[in-house]
Participant: 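There's a structure below that I have some questions on.
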Amino acid sequence: MTQAPRRTSLTFPEAVHELAQLIPAGAVLSYGDVAELLGSGSARQSGKAMGAAPDGTPWWRILRADGTITEALATQANLHWEAEGLSKSGRRISMNDKRWNPTPAQWELIDGLRVALGNPKMSEVDDQL
DNA sequence: CTTTTGACAGCGT
DNA sequence: CACGCTGCCAAAA
């Protein structure tokens, strides 16, 4: 086809879903991190997007900045976290320790999402975490 | 146009 | 460390 296999433009929610898929097991991001990595949107936007995430999306790898998750999902999330070896300190994940640190190759995939959203690449804004 | 609503963040107490 | 309050920001009512 003359059209690219993947759309060259994405809506913010779609980009959030794609990014969630890139997070490796055992790592997590906060909703705010997601917005920053994509170069647009806000933590609330990310949360909204995850609420509409399709089945198969690893939603338990995106949580609040303080390492907790909304009560309605806490029970399910705990099962996944345990299965992936995500240690908790008390009732919360240690974001400090478990936050995803992308490899250079993964940064490129993230850049792809940024571009698909019409935002500049990380290298353009030198905005890495 | 105004108000309400969220799978949120940060700060003060 | 737990709560409560304020700030945010786009979408829906």
Side-chain angles (χ1 to χ4, degrees):
Chain A
M1 340 285 253
T2 57
Q3 301 266 311
R6 301 266 182 213
R7 272 169 292 176
T8 56
S9 73
L10 293 173
T11 62
F12 182 75
E14 291 173 327
V16 171
H17 302 160
E18 295 291 320
L19 179 56
Q21 299 282 3
L22 298 180
I23 306 174
V28 296
L29 286 179
S30 72
Y31 295 98
D33 290 337
V34 169
E36 267 200 61
L37 287 179
L38 293 178
S40 64
S42 64
R44 286 189 99 88
Q45 256 53 65
S46 302
K48 191 80 177 231
M50 286 311 290
D55 285 357
T57 303
W59 52 264
W60 57 91
R61 295 184 192 145
I62 300 180
L63 37 156
R64 290 182 187 137
D66 67 357
T68 64
I69 194 164
T70 191
E71 186 54 34
L73 302 174
T75 304
Q76 281 294 125
N78 266 296
L79 297 177
H80 287 290
W81 292 340
E82 205 166 319
E84 296 184 0
L86 271 166
S87 58
K88 304 193 269 44
S89 9
R91 293 176 54 190
R92 64 181 65 197
I93 294 290
S94 310
M95 292 301 286
N96 216 24
D97 222 40
K98 303 301 180 182
R99 173 175 280 113
W100 180 32
N101 192 358
T103 63
Q106 294 174 321
W107 276 116
E108 289 201 22
L109 294 175
I110 294 171
D111 263 346
L113 293 177
R114 294 174 66 101
V115 170
L117 281 175
N119 294 322
K121 296 181 179 180
M122 295 304 276
S123 51
E124 295 283 327
V125 293
D126 192 42
D127 188 24
Q128 306 201 3
L129 299 182

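Values below: all heavy atoms of this structure, side chains included; hydrogens, waters and symmetry mates excluded. Order of the sequence lines fixes the chain letters, A, B, ..., with proteins taken first and strands second; residue numbering starts at 1 for each chain. This structure is a prediction, so every number in the text was calculated from the model and none was measured.
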Participant: Rounded to whole Å, how long is the line connecting atom CZ of A:Arg64 with atom P of C:dA2?
Facilitator: 12 Å
Participant: Could you go over nucleotides 7-11 of chain C and give all protein N or O partners under 3.5 Å, atom names and distances?
Facilitator:
{"residue": "C:dA10", "atom": "O4'", "partner": "A:Gln45", "partner atom": "NE2", "Å": "2.8"}

Participant: What's A:Ser46 touching, base or sugar-phosphate or nothing? Going by heavy atoms closer than 4.0 Å.
Facilitator: nothing
Participant: Contact class for A:Gly51 vs. all strands (heavy atom < 4.0 Å): base, sugar-phosphate, or nothing?
Facilitator: base
Participant: Within this structure, what is the CE-to-P distance between A:Met50 and B:dA9, rounded to whole angstrom?
Facilitator: 13 Å
Participant: Taking CD from A:Glu71 and P from B:dG6, how many angstroms apart are they, rounded to a whole number?
Facilitator: 17 Å
Participant: Whole Å only: how far is the CD1 atom of A:Ile93 from the C1' atom of C:dC1?
Facilitator: 17 Å
Participant: Rounded to whole Å, please give me the gap between NZ in A:Lys88 and P in C:dC1.
Facilitator: 14 Å
Participant: Less than 4.5 Å apart, side chain to side chain, heavy atoms only: is that true for A:Pro58 and A:Ile23?
Facilitator: no
Participant: Please list, one pair per line, the donor and acceptor atoms closer than 3.5 Å that link side chains of residues 89-98 of chain A to other protein atoms, with sequence neighbours excluded.
Facilitator:
{"residue": "A:Ser89", "atom": "OG", "partner": "A:Ser94", "partner atom": "OG", "Å": "2.8"}
{"residue": "A:Arg92", "atom": "NH1", "partner": "A:Asp66", "partner atom": "O", "Å": "3.2"}

Participant: Rounded to whole Å, how long is the line connecting atom CG of A:Asp66 with atom P of C:dC3?
Facilitator: 12 Å
Participant: Quick one: does A:Asp111's side chain have a donor or acceptor within less than 3.5 Å of a partner on A:Glu108's backbone?
Facilitator: no
Participant: Just call it for A:Arg91: base, sugar-phosphate, or nothing, with non-hydrogen atoms closer than 4.0 Å on any strand.
Facilitator: nothing
Participant: Between C1' on B:dG6 and CD1 on A:Ile69, what's the gap in Å once rounded to a whole number?
Facilitator: 14 Å
Participant: Determine yes or no for a side-chain-to-main-chain donor-acceptor pair under 3.5 angstrom, with A:Ser46 supplying the side chain and A:Tyr31 the backbone.
Facilitator: yes
Participant: Going by side-chain hydrogen bond (donor to acceptor under 3.5 Å, both in side chains), name the residues that satisfy it together with A:Thr70, two or more places apart in sequence or in a different chain.
Facilitator: none
Participant: Between A:Trp100 and A:Pro24, is there a donor-acceptor pair closer than 3.5 Å when you use the side chain of the first and the backbone of the second?
Facilitator: no
